[in-house]
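Atoms within each ligand, like the ligands themselves, are counted from 1 in listed order.
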Amino acid sequence: MGTAERKIIDVLEGKTVTPPPIWLMRQAGRYLPEYRQVRATAKGFLDLCYTPDLAVEVTLQPIRRFGFDAAILFSDILVIPDAMNRNVRFKEGEGPLLNPINVDGIEKLVMPDVKTYLAPVLETVGRLRRELPQETTLLGFCGAPWTIATYMIAGHGTPDQAPARLFAARHPKTFEKLLCLVAEASAAYLVAQIDAGADAVQIFDSWAGVLGEGDFENYAAKPVKRIIDMVRAERPDAKIIAFAKGAGYNLKTYRQTTGADAIGLDWTVPLDFAAELQKDGAVQGNLDPLKMISGGDDLEAAIDRILDKLGNGPLIFNLGHGITPEADPANVEKLIARVRSHGAGR
Ligand code: CP3
């Protein structure tokens with residue numbers, strides 16, 4: 001068992017902590033009335049991310065309400081393309097919009113000065129580390145190059161990232177250049193977050209699941225390895241979680257290829273396969289986020305299945321993707337209570 005102060009760090013080092021620590025992807029967000037209240041005072045969503053007073057407040061809201069073992073910095077993965085002058089904005093009910101980039105645009109892209117452009121986010125990280133209880137792990141994050149590239153090329157969300165997949169097939173060299181630049185900017189950003197006070201960081205590859213086998217290796221796994229190598233070259237002890245949503249069987253080699261301390265599992269990953277992946281190190285996940293809407297006995301059974309299969313190894317309990325706006329906060333409370341009762345009396 002780990003010491004109370006570093007439960008998540010202990011798990012990231014491969015230790016088994018009972019009961020497992022828990023946090024939820026997107027734990028600050030629209031399912032919380034107190035978030036919606038703060039959100040209404042900000043002009044746009046990115047203004048919320050770039051205003052430390054507000055970003056600190058919404059990061060702390062789920063910690064105060066639920067006492068999660070980790071706080072995740074309130075920001076967005078698209079601040080990196082924003083720092084690259086892609087004019088990121090969020091339209092109510094429409095998701096993100098960016099100026100779509102083409103071959104010419106990529107050739108002209110330059111490495112952004114993330115420390116200057118994202119100074120307000122780094123200030124938020126520093127303030128959070130000072131305000132959070134010592135036992136709460138502070139997580140920083142960034143998007144993986146593939147996922148960031150999909151938004152940069154299409155200029156908006158799509159169901160299958162066809163624009164980026166077509167672009168990669170037609171212009172492989174230019175596409176590699178884009179991935180490398182995003183990886184370099186992301187590594188600098190993660191190092192800056194760690195220096196500002198983040199205890200660990202997560203890399204979100206939300207669109208890894210649309211890639212075929214060879215493309216997964218080249219566009220998802222290798223660019224994430226690049227980020228991790230660059231971060232560790234500067235901060236050798238950096239603790240890193242890599243979440244490749246929809247990666248399925250590709251996860252078998254993902255930890256080894258990338259060098260991540262923990263791999264995030266979406267809710268479609270079978271628990272027997274998850275237990276196999278756990279033999280090589282920590283896993284994080286993987287409750288279906290919709291169970292936070294439906295609740296009931298089915299929720300309890302699903303939690304117990306994860307605890308039974310993965311609770312006796314290095315596990316960070318989480319959802320298999322972000323919590324949705326329709327989630328019932330009462331179900332989040334039930335989830336935490338049930339996970340925390342795991343192994344009681346042993
Ligand atoms: O987890 C957290 O609580 C920290 C904050 C966080 C947000 N986005 C806040 C957010 C994190 C870690 C992210 C990551 C993110 N952003 C990802 C990767 C994880 C995932 O969900 O797949 C992606 C793909 C994005 C890009 C993005 N941001 C989209 C597609 C959208 C629109 C969809 C939506 O949910 O509205 C966003 C907006 C966004 N990011 C919101 C929040 C709370 C909602 C905007 C609002 O409150 O007005």
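Here the CG atom belonging to Leu24 is positioned 8.5 Å from the CG atom belonging to Leu287, to the nearest 0.5 angstrom. Distance CG/Asn87 to CG/Asn99: 4.5 Å, rounded to 0.5 Å.
By the 4.0 Å heavy-atom criterion, Phe243 is excluded from the residues contacting ligand 1. Note on ligand 1: Gln202 sits outside its first shell, no heavy atom being nearer than 4.0 Å. Taking a 4.0 Å cut-off on heavy atoms, Gly157 fails to register as neighbouring ligand 1. Residue contact check for ligand 1: Gly322 places no non-hydrogen atom closer than 4.0 Å to it. Proximity of Leu73 to ligand 1 is established by a heavy-atom distance of less than 4.0 Å.
Near Gln27, with a cut-off below 4.0 Å to any heavy atom, the atoms of ligand 1 are 1 (O), 2 (C), 3 (O). Taking every heavy atom of Ser206 and a limit of under 4.0 angstrom, the matching atoms of ligand 1 come to 18 (C), 19 (C), 20 (C), 22 (O), 24 (C). Of all atoms in ligand 1, numbered sequentially from 1 with element shown, those under 4.0 Å from a heavy atom of Arg39 are 46 (C), 47 (O), 48 (O).
The residue among Trp23, Phe45, Tyr31, Phe204 with a heavy atom at the shortest distance from atom 41 (C) of ligand 1 is Phe45.
With contacts defined as side-chain heavy-atom distances shorter than 4.5 Å, the pair Phe68/Pro62 qualifies. Using a 4.5 Å cut-off on side-chain heavy atoms (C-beta onward), Ile9 and Glu13 make contact. Residues His321 and Asp266 have side chains not in contact (no heavy-atom distance under 4.5 Å, counting atoms from C-beta outward). With a 4.5 Å cut-off on side-chain heavy atoms, Asp205 and Lys245 do not count as touching. Residues Asp280 and Gln256 have side chains not in contact (no heavy-atom distance under 4.5 Å, counting atoms from C-beta outward).
Looking from atom 34 (C) of ligand 1 to the surrounding protein, the closest heavy atom is Arg30 NH2, 3.1 Å. Considering only non-hydrogen protein atoms, atom 29 (C) of ligand 1 sits nearest to Pro96 CD, 3.8 Å. The nearest protein atom to atom 11 (C) of ligand 1, hydrogens excluded, is given as Phe141 CZ, 3.8 Å; this is a heavy-atom distance. Protein heavy atom closest to atom 25 (C) of ligand 1, with residue, atom name and distance, is Ile77 CG1, 3.5 Å. Among protein heavy atoms, atom 21 (O) of ligand 1 sits closest to His321 NE2, 3.2 Å. Counting only heavy atoms of the protein, atom 40 (N) of ligand 1 lies nearest to Asp76 OD1, 2.8 Å. For atom 13 (C) of ligand 1, the closest heavy atom belonging to the protein is Arg26 NE, 3.5 Å. Among all protein heavy atoms, the one lying closest to atom 38 (C) of ligand 1 is Phe90 CE2, 3.4 Å.
A salt bridge links Arg64 with Glu57; the closest basic N to acidic carboxylate O contact falls under 4.0 Å.
Scanning both residues, Ala185 and Val114, for their nearest heavy atoms gives O-CG1, 3.9 Å.
Under a hydrophobic-cluster definition in which Ile, Leu, Val, Met, Phe, Trp and Tyr are linked whenever side-chain heavy atoms come within less than 4.5 Å, directly or via other members, Met230 and Val191 are assigned to different clusters.
Atom 27 (C) of ligand 1 lies below 4.0 Å from at least one non-hydrogen atom of the protein.
Checking only distances, Phe74 never comes within under 3.5 Å of ligand 1, N or O to N or O.
At a heavy-atom cutoff of 4.0 Å, ligand 1 is contacted by the side chain of Tyr35 but not by its backbone. With a 4.0 Å heavy-atom cut-off, ligand 1 is reached by no atom of Pro325.
Results of the ring-ring contact (aromatic ring centres under 6.0 Å, His included) test with Phe74 over Phe141, Phe45, Tyr50 single out Phe45 as the only residue that passes.
Ring-plane geometry between Tyr219 and Trp146 is classed as parallel, the angle between the planes falling under 30 degrees on a 0 to 90 degree scale with a further cut at 60.
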Next on the checklist: Using ring pair (Phe, Tyr, Trp, His ring centres under 6.0 Å), reason through His171 and Phe167 one step at a time and then give a plain yes or no.
Outcome noted: CA-CA 6 Å; His171 312 284; Phe167 188 98; 4.8 Å; yes
